[in-house]
Visitor: 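Sharing a structure below in structure tokens format, with a few things to ask.
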Amino acid sequence: QAQPVESGGGSVQAGESLRLTCVHFRTAAPCVTWYRQAPGKKREGVAALYTDGGNSYYADSVKGRFTISQDNARNTVYLEMNNLTPDDTAMYYCAVGGRELMGYVRHSIGPIGTPLGQGTQVTVSS
């Protein structure tokens, strides 16, 4: 499968916002997700969304600050990140695929059976 392509990362100050974008190549994917990984830390599931207008999931660490959304017509997934903190510093990746992806994100495993992109770096300074 072709890898998604993430963009929109950057270096910001604490309290600022960023919007990440992921262009993927799977039309009408049932589930879209974001992961992140900081140096020396395990990959963490950040957010997931069923594209049929169903459930979404957010890790406790980002709940209330991050919003995942998608544009099916453009095969694009977004992650709006507000009130960023230094703890949000990481490489951010997206993955799209079947509904099982939400379970992987909830447990911060995988993704399995679908590729991550190359990632986009987010650095937040205090």
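Index from 1, following the sequence.
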Visitor: If you link I, L, V, M, F, W and Y whenever their side-chain heavy atoms are under 4.5 Å apart, who else ends up in the same group as Phe25?
Guide: Val5

Visitor: Under the side chain to side chain donor-acceptor pair (under 3.5 Å) rule, collect the residues that match up with Asp71, sequence neighbours excluded.
Guide: Arg74

Visitor: Determine, using the 4.5 Å side-chain heavy-atom cutoff (strictly less than), whether Met102 and Val77 are members of one ILVMFWY cluster.
Guide: no

Visitor: List in chain and number order the residues that pass disulfide (SG to SG under 2.5 Å) with Cys22, two or more places apart in sequence or in another chain; answer none if no residue qualifies.
Guide: Cys94

Visitor: Evaluate the side-chain contact (heavy atoms from CB on, under 4.5 Å) criterion for residues Gln70 and Ile68: first the C-alpha distance (whole Å), next the side-chain angles of each, then the deciding distance (0.1 Å), finally the verdict.
Guide: CA-CA 7 Å; Gln70 53 90 27; Ile68 185 171; over 6 Å; no

Visitor: According to the salt bridge (Lys or Arg N to Asp or Glu O under 4.0 Å) rule, which pairs have a member within residues 82-92, sequence neighbours left out?
Guide: Arg36-Asp88, Arg65-Asp88

Visitor: Do Val32 and Tyr92 belong to the same hydrophobic cluster, where Ile, Leu, Val, Met, Phe, Trp and Tyr are linked whenever their side-chain heavy atoms lie under 4.5 Å apart, directly or via other members?
Guide: yes

Visitor: Under 4.5 Å between side-chain heavy atoms, counting indirect links through other Ile/Leu/Val/Met/Phe/Trp/Tyr residues: same cluster for Val46 and Val124 or not?
Guide: yes

Visitor: Got a sec, which residues hit side-chain contact (heavy atoms from CB on, under 4.5 Å) with Lys63, two or more places apart in sequence or on another chain?
Guide: Tyr58, Asp60

Visitor: Count I, L, V, M, F, W, Y as connected when their side-chain heavy atoms are under 4.5 Å apart, and connections chain through other members. Are Val122 and Tyr93 then in the same cluster?
Guide: no

Visitor: Pair up each side-chain donor or acceptor in residues 11-21 with any protein partner under 3.5 Å, not counting sequence neighbours, and list the distances.
Guide:
{"residue": "Gln13", "atom": "NE2", "partner": "Ser125", "partner atom": "OG", "Å": "3.3"}
{"residue": "Glu16", "atom": "OE1", "partner": "Gln13", "partner atom": "N", "Å": "3.0"}
{"residue": "Ser17", "atom": "OG", "partner": "Asn82", "partner atom": "OD1", "Å": "2.9"}

Visitor: For Gln3, what residues pass the side chain to side chain donor-acceptor pair (under 3.5 Å) criterion, not counting sequence neighbours?
Guide: Gln118

Visitor: Does anything in residues 51-89 form a disulfide (SG to SG under 2.5 Å)? List the pairs, not counting sequence neighbours.
Guide: none

Visitor: Let me have the donor-acceptor pairs involving side chains of residues 110-117, under 3.5 Å, with sequence neighbours excluded, atom names and distances please.
Guide:
{"residue": "Thr114", "atom": "OG1", "partner": "Val96", "partner atom": "O", "Å": "2.7"}

Visitor: Sort and list the pairs that fulfil side chain to side chain donor-acceptor pair (under 3.5 Å) and have at least one residue in residues 45-57, not counting sequence neighbours.
Guide: Asp52-Arg99

Visitor: What residues, two or more places apart in sequence or in another chain, satisfy side chain to side chain donor-acceptor pair (under 3.5 Å) together with Thr67?
Guide: none

Visitor: Backbone N or O of Ile109 within a donor-acceptor pair of the His107 side chain at under 3.5 Å?
Guide: no

